[in-house]
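Encoded as structure tokens, the structure appears first; notes follow it.
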Amino acid sequence: GFDEAKYHLKAMRDHTGFLSMEGDKEACRYRKRAEQGDAAHQYKLGRRYARGFKVVQDNYQAVYWYRLSAEQEYAEAQFHLGLMYEHGHG
């Protein structure tokens, strides 16, 4: 049932919030580049968290990555960070 599905979903998550998917090189690349300070990948990682795309949806993480990108004057991140603030996140 529902509890079993929640258990299996939790088991698929790793410590970063990404759902474990064998060979998901794109997700690994996004996180690595974001952690290295790449503004575009910080923004893209923020979008993934905001949407819950191949990660557990997490507004806190979305704001975190948007903010890092926005501080580097990445316009799309600034826009989406503003939307997050407007909706009470951050």
Side-chain angles (χ1 to χ4, degrees):
F2 181 70
D3 289 333
E4 184 178 353
K6 283 185 358 185
Y7 169 81
H8 288 292
L9 181 60
K10 185 175 181 179
M12 291 188 313
R13 294 184 195 139
D14 67 14
H15 70 283
T16 65
F18 279 94
L19 298 179
S20 297
M21 295 183 181
E22 287 296 317
D24 190 356
K25 294 177 184 176
E26 181 182 43
C28 293
R29 185 181 75 240
Y30 273 39
R31 175 159 289 279
K32 183 176 180 181
R33 299 281 305 271
E35 289 173 345
Q36 292 172 342
D38 183 290
H41 282 83
Q42 290 169 338
Y43 164 73
K44 291 174 183 178
L45 189 55
R47 289 291 287 162
R48 283 178 172 241
Y49 277 112
R51 292 179 175 178
F53 179 73
K54 293 189 178 181
V55 296
V56 176
Q57 196 278 333
D58 185 333
N59 289 326
Y60 177 81
Q61 285 291 316
V63 168
Y64 173 80
W65 291 108
Y66 284 155
R67 185 177 293 128
L68 289 178
S69 181
E71 288 172 354
Q72 296 182 64
E73 305 200 16
Y74 196 80
E76 291 173 275
Q78 292 170 337
F79 174 78
H80 283 93
L81 181 60
L83 290 176
M84 295 297 282
Y85 288 149
E86 182 179 352
H87 293 282
H89 307 292

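Remember, predicted model here, so these are calculated numbers, not experimental data.
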Residues sharing L83's hydrophobic cluster, by side-chain heavy-atom contacts under 4.5 Å among ILVMFWY, directly or via others? F79

Of the non-hydrogen atoms in L81 and R67, which two are nearest, and what is the gap between them? CD2-CA, 3.9 Å

What residues, two or more places apart in sequence or in another chain, satisfy side-chain hydrogen bond (donor to acceptor under 3.5 Å, both in side chains) together with D58? none

Taking all non-hydrogen atoms of both residues, which atom of Q57 and which atom of R51 are closest, and how far apart? CG-C, 4.1 Å

Can you list everything that forms a ring pair (Phe, Tyr, Trp, His ring centres under 6.0 Å) with H80? Sequence neighbours excluded, please. Y43, Y66

Measure across V63 and G90 and return the closest heavy-atom pair with its distance rounded to 0.1 Å. CG1-CA, 3.9 Å

Heavy atoms only: give me the nearest V55-R48 pair and the separation to one decimal. CG2-O, 3.2 Å

All heavy atoms of A77 vs all of S69, minimum pair found to be CB-OG, 3.3 Å

For the residue pair A62 and M84, what are the closest heavy atoms and their distance? CB-CE, 3.9 Å

Between R31 and W65, does the side chain to side chain contact (heavy atoms under 4.5 Å, CB included) criterion hold? Intermediate values first, please. CA-CA 10 Å; R31 175 159 289 279; W65 291 108; 3.6 Å; yes

Side chains of Q72 and Q42 in contact at under 4.5 Å (non-hydrogen atoms): yes

Quick check on the hydrophobic clustering: are L68 and L45 connected, directly or via other members, by side-chain heavy-atom contacts under 4.5 Å? yes

Counting only heavy atoms not in Q36, do more than 12 fall under 6.0 Å of its CD? yes

R33 and K44: CA distance, side-chain angles, deciding distance, side chain to side chain contact (heavy atoms under 4.5 Å, CB included) verdict: CA-CA 10 Å; R33 299 281 305 271; K44 291 174 183 178; over 6 Å; no

